[in-house]
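Because only heavy atoms are used, hydrogens play no part in the values below, and waters and symmetry mates are left out as well, while side chains stay in. Per chain, numbering begins at 1; letters A, B, ... match sequence-line order.
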Amino acid sequence: MPTPSRAVRRWLASAILAAASAIPASAQPTEDPSSWPMAGRDARHTGAAEGPAPPYRRAWTARLEGQGLLAGPVVSAEVAVVVGRTSVVALDPATGETRWEVEREEGAAGSPAIVGDLVIHASGQRDGAALVGRRLDDGREEWSTSTGASVGSGIAVEGERAYAATRAGEVLAVDVATGEVAWRFDTAGNLGTIPAVDEGRVFAVAQSQTFGPASLHAIDAETGEEEWRFSLGQPVRSLGTSPAAGGGVVVAGLSDGRVHAVDADTGAERWAEDALPGWIRQPFGPGTVPAIPGSLAPGAAFVAGPSRAVRMEVGSGQVRWSYQLADLLTHLSASISGRHLLLGDASGLAAAVDVGSGRLVWKAPLGSGPVGSVAVTEDRLLVIVAGERDSSVVALEHDPEGTLISETSPSVLNPAWAALNYLGAAATVGVALWLLARGPEALRRRDRP
Amino acid sequence: MTRKRRRKRTAGQALAPPESTSGETEAREDPGAAEDQAPPSERPRGLWSLRASPYPPLGTSLARGFAAVAGSPWALGAVFASALLAWIVFLAIGGESDPQLLMAQFAIPPVNAFVLDRAVLFGAGGTVVTLLLILVGLGVLRAGTLTAVLLAIDRSLLGPERSSAEVAEKAEAAQVRARFPKVFVTLFAVYVLELTLAVVVQQIVAGFIGPLFLFPASIIALYFLALVPVVAAAEGAPARTAFSRGVRAARLPGTRHLTLVMLYAVLVQLLFVFRPGPVVPPATPGYLTWVIVLLVTVLHAGFLGALYYRWLAVRDEVPARRPPASTERPR
């Protein structure tokens with residue numbers, strides 16, 4: 001059966017959009033199935049889309065020289081955008097060819113956001129930092145708004161406004177059409193996280209400048225007034241994460257190293273769990289963005305730290321499963337394609353884990369450098385793979401001739417193997433040391449007439 | 001420098017108690033001779049004394065110490081059990097079964113308190129009650145395994161002498177069992193004090209100087225406190241006496257104690273650079289990981305054995321009580 005043409009797919013997407021606009025925002029699983037317009041898929045950070053199922057094969061690779069670690073990708077129906085050290089690059093999602101490339105002021109490069117026919121990205125650093133709106137078709141600048149401090153995390157867009165957090169601790173609301181700042185909210189902290197937006201509220205996690213306790217703020221999206229604040233005291237064991245919102249709760253990792261769920265209306269804590277280990281390294285990474293996928297994985301929240309990714313129950317905080325790879329996870333913004341959570345680690349390995357069973361079903365090396373963010377579209381996964389100086393955007397598609405695997409996570413203890421390994425090692429070391437210490441004398445005694 | 005007549009010994013023979021160096025000192029011009037004639041309480045101590053170190057040489061100490069551990073099934077069994085118990089305890093309190101944690105778990109006190117257990121307490125988090133339970137659990141684990149290993153080393157170093165006095169094997173084992181509770185209680189108290197010291201130092205050092213000074217601070221503490229658990233086990237002394245004699249023993253003249261401590265510090269530092277297995281360790285340690293962990297644990301125990309051997313050589317020079325200072329100088 002022939003696949004629908006691109007024009008038909010766009011028509012279907014438009015029809016879906018029109019129908020979906022009549023449905024309350026919190027019930028909508030996706031807007032455009034061919035788009036991944038911002039980090040976490042949408043402003044709530046659902047992190048999920050009906051994308052291709054594993055196994056995957058490489059469709060194309062676009063190498064971007066001299067751009068360092070890329071931020072993004074974000075994808076609309078016709079263009080994928082990544083932000084590099086000194087450039088903003090638009091690629092054709094079907095072929096990987098460069099559509100346009102424009103320069104930007106060097107500085108922190110958080111994930112951009114696509115809204116309508118514009119792409120909004122961060123530019124510059126410190127006092128020269130700005131948010132810039134560019135036309136999606138040719139990259140021409142439409143507007144530029146000074147932010148006063150670097151925007152290093154990412155941008156969330158909901159309705160007619162874009163929301164960003166600065167290193168100086170301010171949350172900004174900017175009109176996407178004109179770039180005018182609607183309001184600024186000072187959290188008195190240091191914001192390295194991406195705000196989430198749900199049901200008229202902006203949620204942001206702030207942490208004090210000297211690595212102090214974190215606080216989760218709920219801000220009225222229209223007026224910029226704070227509605228409530230959830231704060232923690234000592235001890236501080238970790239950086240806080242970006243929040244994810246859905247089903248009346250906000251989920252975020254906070255400075256005590258635990259994942260918290262807070263009531264979105266009142267700010268009251270629902271639960272807090274030690275979901276990720278934190279003895280050797282911090283439980284959360286600077287780019288951790290949880291996901292509450294909604295209908296694609298009902299009642300679930302996904303959080304990824306450097307050591308492992310976990311699926312938790314949104315209602316109770318119970319950890320249903322966890323998965324770890326051999327190296328540190330570097331793709332920390334949870335991305336779900338259909339029924340599979342996508343993982344990437346520092347060695348360049350990409351993997352897919354079944355969200356129901358928690359078993360790994362596919363893995364493949366994509367490069368020699370760490371795997372960065374993943375965007376999920378209807379028929380492609382777009383994956384950032386970092387190099388020492390150059391980075392690549394790798395597009396994966398479903399491989400009908402590939403095979404699936406089934407591997408349990410190494411984070412699951414196997415008591416039988418643990419006992420066998422220990423006893424074998426103890427016997428080996430014990431015999432070797434005994435021979436070293438006593439063996440020659442024992443042999444001499446035996447040989448004596 | 002004093003030259004010791006080497007005793008011909010094969011690996012299987014008994015490890016005789018270390019010889020006193022004073023009886024074999026050759027006549028020579030010794031700038032510290034006058035100091036030798038002074039009562040023990042008046043002899044200058046510390047690194048800068050002119051007197052030769054009363055400790056056995058480094059090579060001899062390490063050889064005797066490692067032989068005491070490797071040649072004793074009891075010592076090896078206690079060392080291996082400590083690694084397994086530590087792994088079980090770490091899993092039970094929600095930690096990772098990281099090879100570096102396991103390699104450091106039998107580090108000579110107070111290094112394990114400074115480097116590992118302090119991090120475990122802060123990493124575990126939870127309520128005050130939870131932390132207290134973890135502290136008690138760690139204390140029981142540390143004191144129990146250390147007591148077992150030290151008594152096994154004691155038996156290995158001194159047991160053949162007792163056997164030569166026709167002490168039955170069973171009676172000897174009974175003696176060890178009888179000594180265990182007292183030594184355990186003392187080492188538990190020593191551990192709690194050292195962990196408290198580690199936490200206080202961390203708050204002061206990390207707060208004002210920076211976290212990089214924590215490891216050097218642990219080495220300084222090791223220099224003064226390394227012999228404390230050895231004294232507690234060898235003499236059956238209470239904690240106060242063990243601290244007193246242990247610190248005074250560390251301050252005996254010469255640089256041999258410092259050399260042993262620095263060698264151990266360098267090896268421990270290298271261990272923290274080395275990580276067997278994957279970057280993110282699996283919950284089930286592999287065979288090779290266990291081999292490495294057990295070998296490193298034996299390494300720690302071997303240095304402990306060397307310290308024990310040295311204590312047996314100098315114990316007479318560090319009495320339980322300081323004799324009153326004499327006002328008359330020797331002629």
Query raised in the report: Is there a donor-acceptor pair under 3.5 Å between the side chain of Thr288(A) and the backbone N or O of Ala304(A)?
Result: yes
List the atom pairs, donor and acceptor, that lie under 3.5 Å between side-chain atoms in residues 340-352 of chain A and the rest of the protein, sequence neighbours left out.
from      : atom 1 : to        : atom 2 : distance (Å)
Asp345(A) : OD1    : Ser347(A) : N      : 2.9
Asp345(A) : OD1    : Ser347(A) : OG     : 2.7
Asp345(A) : OD1    : Gly348(A) : N      : 3.3
Asp345(A) : OD1    : Leu349(A) : N      : 3.0
Asp345(A) : OD2    : Ser347(A) : OG     : 3.3

Query - Heavy-atom closest contact (Tyr323(A) atom, Trp321(A) atom, distance) - result: N-CE3, 4.1 Å
Requested in this report: Name the option with the most non-hydrogen atom pairs under 4.5 Å to chain A; the candidates are Val298(B), Asp98(B), Leu76(B).
Outcome: Asp98(B)
Query - Close contacts, residues 417-427 of chain A versus chain B, judged by heavy atoms under 4.5 Å - result: Trp417(A), Ala418(A), Asn421(A), Tyr422(A), Gly424(A), Ala425(A), Ala426(A)
Report task. Specify which of Pro278(B), Gly77(B), Gly71(B) makes the most heavy-atom pairs with chain A at under 4.5 Å. Result -> Gly71(B)
Query raised in the report: With sequence neighbours excluded, what pairs up with Ala432(A) under the side-chain contact (heavy atoms from CB on, under 4.5 Å) test?
Result: none
Report task. Please state whether the side chain, the backbone, both or neither of Ala75(B) comes within less than 4.5 Å of a heavy atom of chain A. Result -> neither
Query raised in the report: Does Val310(A) offer a backbone N or O that forms a donor-acceptor pair with the side chain of Ser322(A) under 3.5 Å?
Result: no
Requested in this report: Pick one of side chain, backbone, both or neither for Phe90(B), based on which atoms fall under 4.5 Å of a heavy atom in chain A.
Outcome: both
Report task. Could you check Thr408(A) against Arg359(A) for side chain to side chain donor-acceptor pair (under 3.5 Å), going step by step and ending with a plain yes or no? Result -> CA-CA 5 Å; Thr408(A) 308; Arg359(A) 298 179 73 85; 3.0 Å; yes
Query raised in the report: Does one side chain, of Ser333(A) or Ser373(A), offer a donor that lies under 3.5 Å from an acceptor on the other?
Result: no
Report task. Heavy-atom distances under 4.5 Å only: say whether Val79(B) touches chain A with side chain, backbone, both or neither. Result -> neither
Query raised in the report: Taking it one step at a time, do Arg310(B) and Leu260(B) satisfy side chain to side chain contact (heavy atoms under 4.5 Å, CB included)?
Result: CA-CA 11 Å; Arg310(B) 283 186 161 189; Leu260(B) 180 68; 3.6 Å; yes
**Report entry** Under 4.5 Å from a heavy atom of chain B, the part of Leu325(A) involved
**Finding:** backbone
Result block: side-chain N/O donor-acceptor pairs under 3.5 angstrom for residues 281-297 of chain B, not counting sequence neighbours:
from      : atom 1 : to        : atom 2 : distance (Å)
Thr284(B) : OG1    : Asn414(A) : N      : 2.9
Tyr287(B) : OH     : Thr428(A) : OG1    : 2.8
Thr297(B) : OG1    : Val293(B) : O      : 2.7

Requested in this report: Please flag which part of Val412(A) lies under 4.5 Å from any non-hydrogen atom of chain B: side chain, backbone, both or neither.
Outcome: backbone
